[in-house]
There are 2 protein chains.
Amino acid sequence: MLQITRDGEYAVRAILHMSAQPVGTLCLISEIAEAQEVPRSYLSKIMQHLVKAGLVKSRRGARGGFFLARRPQEITLRQAIEAIEGPIFLNICLIKKGECHRDEFCPVHQVWQEAQRKLMEVLDNKTMAQLVQDAEKLKGFSAKKRTPKKPPSTL
Amino acid sequence: MLQITRDGEYAVRAILHMSAQPVGTLCLISEIAEAQEVPRSYLSKIMQHLVKAGLVKSRRGARGGFFLARRPQEITLRQAIEAIEGPIFLNICLIKKGECHRDEFCPVHQVWQEAQRKLMEVLDNKTMAQLVQDAEKLKGFSAKKRTPKKPPSTL
DNA sequence: ATTAAATAGGACTAAAATCATCCTGAATGT
DNA sequence: ACATTCAGGATGATTTTAGTCCTATTTAAT
């Protein structure tokens, strides 16, 4: 449907959550699930997947939990999404050369290529570290809206 | 899965096929199906949909068929795809304001917005007329490769 | 050693989407 | 009348999506 699945969305939320923690923090499934509004049992599966993909590490048992395998500035949005959704191809003709025999003469093929390239560029150029910063700005902004620091006195 | 469906692909093929015909030509389902390698009965459904969407007109009965409702230079790739797939949203949070209550503080939301904008830009900027031209170039190129007009003599 | 706390992993499921096929009906030109 | 086309509905197999639930395994603390 040309739309990312809940898996991808939830994976990004989880990684973003971990990226916002102080280094060394271990995050629990239940904690991430609640904070990021993801069904707990479903998130469990996604975290497993992220561990297998090498983006996240885990420790079992009491005092266990999850933490990032790399620093937030070294994880792009694309990596987070593709870790769980697999590589993105806007059309099956892009999967690999020869996947679609029509690409030799189909003029649409190269349009998809360009569209995909532009899309990837956006996802590649955003790291988890940047997203955490963006989130802080958003928070500051909404806080300012509600309780301005210094309301300009009209007296 | 962040991939267009066969519906969308087939719709584009059908419209492209009609765009490549001389104006006034009526195209038959069976003819389009064969030329564009689309299952005949499936294409039938897609053409119905395209008629309802207003991109294509039809005439029933003997000597009937399909033809474009607008000129090829007035139909963009995006219009062709969205006519059959409905509006594209890379993530459900983009469907409409308030669809996702997290968008107030979620820093990923605006990244999706930008990604979608860039993607749409590519699809918006390609008309069926241009695609027909592109196809002609591709044909000319592959023909040249196989039978070069004037092979450089080495004698 | 026991136990409580966590993740790992497999089995299962309901609902929806995908990718079609087939048949009947309606319109239209000859 | 008849052959030719599209219109529209019913049906269906398969896959994907979006989960849940239960048991096993690992680990830290007591």
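Remember, it's a predicted structure, so these values are computed and weren't measured experimentally. In what follows, chains carry the letters A, B, and so on, assigned in the order in which the sequence lines appear, proteins first and then strands, with residues in each chain numbered from 1.
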Asks: Going by number, which of residues 7-19 of chain B have a non-hydrogen atom under 4.0 Å from DNA chain C?
Replies: Y10(B)
Asks: Just the rounded figure in Å: distance from P of dT17(D) to CD of Q3(B).
Replies: 10 Å
Asks: In terms of the nearest nucleotide of DNA chain D, which residue is placed more toward the 5' end: G64(A) or T5(A)?
Replies: T5(A)
Asks: Does K126(B) pair with D134(B) as a salt bridge, N-O distance under 4.0 Å?
Replies: yes
Asks: Can H17(A) and E31(A) be counted as having a side-chain donor-acceptor contact under 3.5 angstrom?
Replies: yes
Asks: Tell me the closest heavy-atom pair linking A14(A) and L43(A), and the distance in Å.
Replies: CB-CD1, 4.1 Å
Asks: Can you tell me how far P of dT26(D) sits from CD of Q48(A), to the nearest Å?
Replies: 14 Å
Asks: Just the rounded figure in Å: distance from C1' of dG19(D) to OH of Y42(A).
Replies: 6 Å
Asks: Answer yes or no: is there a donor N or O on one side and an acceptor on the other, between the side chain of E82(B) and the main chain of I88(B), under 3.5 Å?
Replies: yes
Asks: Just to be sure I understand the geometry, which residues of residues 83-95 of chain B put a non-hydrogen atom under 4.0 Å away from DNA chain D?
Replies: none
Asks: K57(A) near the nucleic acid: base, sugar-phosphate alone, or nothing, with a heavy-atom cut-off under 4.0 Å?
Replies: nothing
Asks: Reading DNA chain C from 5' to 3', where do the contacts with chain B start and stop? Cut-off is 4.0 Å to heavy atoms.
Replies: dT18(C) to dT30(C)
Asks: Can you measure from NZ (K139(A)) to CD (E104(B)) and round to the nearest 0.5 angstrom?
Replies: 14.5 Å
Asks: Same hydrophobic cluster for L26(B) and I15(B), using side-chain heavy-atom links shorter than 4.5 Å among ILVMFWY?
Replies: no
Asks: Can you see which heavy atom on F89(A) is nearest to which on Q3(B), and at what distance?
Replies: O-NE2, 2.9 Å
Asks: Distance check needed: dT5(D) P versus L43(B) CG, whole Å only.
Replies: 15 Å
Asks: In this structure, how many angstroms lie between the C1' atom of dA18(D) and the NZ atom of K45(A), rounded?
Replies: 13 Å
Asks: Let me know the distance between CE of M47(A) and P of dG19(D), rounded to the nearest Å.
Replies: 17 Å
Asks: Give the rounded distance in Å between these two atoms: CD1 of I29(A) and P of dC21(D).
Replies: 15 Å
Asks: With sugar-phosphate meaning primed atoms plus P, OP1 and OP2, does S41(B) contact a base, only sugar-phosphate, or nothing at under 4.0 Å between heavy atoms?
Replies: base
Asks: dT16(D) P sits how many Å from L2(A) CG, rounded?
Replies: 17 Å
Asks: Whether the side chain of Q36(A) engages the backbone of A33(A) through a donor-acceptor N/O pair (distance < 3.5 Å, no angle test) should be reported.
Replies: no
Asks: Give a yes or no on whether E37(A) atom CD has more than 12 heavy-atom contacts from other residues, nucleotides or ligands under 6.0 Å away.
Replies: yes
Asks: Quick check on the hydrophobic clustering: are V12(A) and V51(A) connected, directly or via other members, by side-chain heavy-atom contacts under 4.5 Å?
Replies: yes
Asks: So what does M1(A) hit on the nucleic acid, given a heavy-atom distance under 4.0 Å: a base, only sugar-phosphate, or nothing?
Replies: sugar-phosphate
Asks: Answer with yes or no whether the hydrophobic clustering places L131(A) together with F67(A); edges join I, L, V, M, F, W, Y residues whose side-chain heavy atoms lie under 4.5 Å apart.
Replies: no
Asks: Can you work out whether F66(B) or R59(A) has the more 5'-proximal nearest nucleotide on DNA chain D?
Replies: F66(B)
Asks: Verify the distance criterion only: is there a donor paired with an acceptor across the side chains of T5(B) and E85(B) at less than 3.5 Å?
Replies: yes
